[in-house]
There are 2 protein chains.
Amino acid sequence: MRIAVDAAGGDHGPAVVVVGAVDGARRFGVDLLLTGAEAEIRRALAGQDVTGIDVVVADAPETIGGDEQAAQAVRRKPRSAIAVALDAVRDGRADAMVSAGNSGAVMAGALLKLGRIRGVDRPAIAGHLPSMTGRTLVLDMGAVTDPRPQHLVQFAQMGSIYTEQALGVARPKVGLLSNGEEPSKGNQLVQETFPLLASAPGIDFRGNVEGNDITRGVVDVVVTDGFTGNVALKTAEGAAALINATVRDRLTASPIRKTLAALLQPAFREARKDLDYAEQGGAPLLGIDGVVIISHGRSNERAIASAIGVAKQSVEGDVPGTIARLMARLEAAPQPAAASG
Amino acid sequence: MRIAVDAAGGDHGPAVVVVGAVDGARRFGVDLLLTGAEAEIRRALAGQDVTGIDVVVADAPETIGGDEQAAQAVRRKPRSAIAVALDAVRDGRADAMVSAGNSGAVMAGALLKLGRIRGVDRPAIAGHLPSMTGRTLVLDMGAVTDPRPQHLVQFAQMGSIYTEQALGVARPKVGLLSNGEEPSKGNQLVQETFPLLASAPGIDFRGNVEGNDITRGVVDVVVTDGFTGNVALKTAEGAAALINATVRDRLTASPIRKTLAALLQPAFREARKDLDYAEQGGAPLLGIDGVVIISHGRSNERAIASAIGVAKQSVEGDVPGTIARLMARLEAAPQPAAASG
């Protein structure tokens, strides 16, 4: 299996991505296709031990910035790292693609080059958050800012399939993110979606969940629009950063505290590892006819390595094929959800 | 000054509310009007030192549950603690009202009994979150799940006035919560609101902000719809709870760690105090013609005491009157925001 990695993507530059990709390839036993400015990739590879890993470098000198209009950029720059990596997946030279670059460009490129699975109107970014009981899949994380109710039903179906494949959870529990648990709560979108989810085939819908239920782990899959999902995820990240800074301030306020805290560093490191998004790996773009993994722009080496593992798992579990088969089966069968919508 | 406190509201029962109210009254030098089941209030008061505080108890035997349909409940139960407290504010027997009860019922009751300020279409719940630089006001926190763009403009104006009054910040910076900083980012509501805010009088609009910017403290006021605001706040609370539990697990994993962590308890306590929502007090319902403070259902004694302080400050700063004067001035002046909307 070969994973294409956008070595130009991410806030930390090619060196971090290349090191993470090589680490991930060794850990998960896959080969690599690295796309980006060839000279930079070769430079980053020079210091790496790649014994046993077949590493192909595909030169992609064009760059897409974080603020470029995504759909246009990916069309106008066929030799960007994102475009070249997606071409490789389309042409069968790679089995999956990982990028920490401009996520809008990855989505637009994936739609353009790999296409949607039949029966899926809008692909969604599905990210794992750590929870008290393991991890919770949240989708959409930012692909579709104004979905319609039937899009959220598809998110629930795709998220359930992914959770079964990726975590081996049989019949995952699905919750609809809202501002209260009662079925009457929610904005207009949520109120219209609730009855569709309640009668939708292929999912185990457990009703509305609130923001704090994501980390409580009361359901396996939390469905929301991409605007709310993105804001909620980033607000949680911000809260974590503030807690981290505040605790650090208080633990370093005196020499004695500093000494005691230093002795507890292993415990803090373990807790950080338990919680770190890097351990959760990348977020698959579900609904695309191919395996595309979106990593956080801030990804470090460990996050990229972890995303390689997520990509491998999605390829082995044939997540796109499984989603396609379910969607085809639902299309063939009578659909109470669509009928009542 | 007398503050009416809904002693029946909150998850912890009347005893916690009464103790917190008495603490707050002493700390901030105000008198109390406690509403709820009189016998229970008297019982809770029995153990309290109320020297120097004039405490009036108003019997309000009807109860409104957390899951009751709010507008109906407050109409059908004129002798509920919420209704009796709001009556006292309306009739001038109290200067402000604090409740940790059913927030929907408080909002419905406040609209019914105190009314909206002229020029405000939708009152909003404005809550403070701790940030790296102090605190950030976020509104709406859940009053209006599907606002129109002009409602968000009013939220920005009211939030700016409140921040000037409550924190003494001159010309507070306002951000629009979105899924990216660029003006092109956002769902439809945000994209339509951005140009209105950019040309709205009475505010210092700084563009879009992301979820993590709330705790970074890059702006003083973050404007959002009540659905997103509620989900984001609760997701942050959930993240904090998970971090807390994870760190505690790791710090108690061995006898040595337990001993070291016990020695650092004062540092953790200080950090918790820095971050605790209880220290931030209650959230004013802005746009109502009266001072109404909504406290978290989970409020402990300290949170209730703090909400008394928030109420006092809003009364002293005449927040409703100041909002009314600004709205009247804007209504009289040409309004580019309204014209372009």
Side-chain angles (χ1 to χ4, degrees), chain A residues 67 69 129-132 142 145-146 177-182 184-190 210-216 224-247 249-251 253 256-257 260-261 263-264 266-268 270-271 274-275, chain B residues 67 69 129-132 142 145-146 177-182 184-190 210-216 224-228 230-247 249-251 253-254 256-257 260-261 263-264 266-268 270-271 274-275:
Chain A
D67 51 354
Q69 215 288 322
L129 263 73
S131 82
M132 303 278 187
T145 51
D146 290 285
L177 192 58
S178 187
N179 60 329
E181 287 183 7
E182 305 82 4
S184 62
K185 288 281 184 167
N187 57 13
Q188 201 186 328
L189 172 67
V190 164
E210 299 189 69
N212 51 323
D213 291 326
I214 296 172
T215 45
R216 275 180 66 211
T224 186
D225 67 272
F227 180 83
T228 305
N230 184 283
V231 166
L233 170 70
K234 287 182 183 160
T235 304
E237 285 179 2
L242 176 65
I243 291 168
N244 193 30
T246 306
V247 171
D249 274 3
R250 293 299 185 177
L251 288 179
I256 288 183
R257 286 186 181 180
L260 291 169
L263 293 169
L264 283 169
F268 290 118
E270 287 162 18
D274 293 341
L275 294 165
Chain B
D67 50 355
Q69 215 287 322
L129 263 72
S131 82
M132 302 279 188
T145 52
D146 290 285
L177 191 58
S178 187
N179 59 329
E181 287 183 6
E182 305 83 3
S184 62
K185 289 280 184 168
N187 57 12
Q188 201 186 328
L189 172 67
V190 164
E210 299 189 69
N212 51 324
D213 292 326
I214 297 172
T215 45
R216 277 179 65 212
T224 187
D225 67 90
F227 181 83
T228 305
N230 183 284
V231 166
L233 170 71
K234 286 182 183 161
T235 304
E237 285 179 3
L242 176 64
I243 291 168
N244 192 31
T246 306
V247 171
D249 274 3
R250 292 298 183 176
L251 288 179
S254 76
I256 288 183
R257 286 186 181 180
L260 292 169
L263 293 169
L264 283 169
F268 290 119
E270 287 163 19
D274 292 341
L275 295 164

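Given the structure is predicted, the values throughout are model-derived calculations rather than measurements.
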Pairs of heavy atoms under 4.5 Å with chain B: top-ranked of A:Gly211, A:Gly238, A:Ser131: A:Gly211
Best-contacting candidate, A:Leu264, A:Ile243, A:Val231, A:Asp249, against chain B by heavy atom pairs under 4.5 angstrom: A:Leu264
Atom pair CG/OG1 of A:Leu177 and B:Thr228 - distance to nearest 0.5 Å: 9.5 Å
Top contributor to chain B contacts, counting heavy-atom pairs under 4.5 Å, from A:Gln188, A:Arg257, A:Glu210: A:Arg257
Any donor-acceptor pair under 3.5 Å from A:Asn187 side chain to B:Phe227 backbone: no
Point-to-point distance, once rounded to the nearest 0.5 Å, from OG1 of B:Thr145 to CG of A:Leu189: 11.0 Å
Gap separating the CE atom of A:Met132 from the OG1 atom of B:Thr246, nearest 0.5 angstrom: 6.5 Å
Contact class of A:Ser178 relative to chain B, heavy atoms under 4.5 angstrom: both
Under 4.5 Å from a heavy atom of chain B, the part of A:Arg216 involved: neither
Which atoms of A:Asn230 approach chain B - backbone, side chain, both or neither, heavy atom under 4.5 Å: side chain
Chain A interface, residue from B:Gly226, B:Gly186, B:Gly180, B:Pro266 that has the most non-hydrogen pairs under 4.5 Å: B:Gly186
Most chain B-contacting option - heavy-atom pairs closer than 4.5 Å, from A:Gly229, A:Ser184, A:Ala236, A:Ala245: A:Ala236
Student check: side-chain heavy atoms of B:Ile214 and A:Thr235 closer than 4.5 Å: yes
Minimum heavy-atom distance between A:Ala267 and B:Leu251, given as atom pair plus value: CB-CD2, 3.8 Å
Segment of A:Ala241 engaging chain B (4.5 angstrom heavy-atom cut-off): both
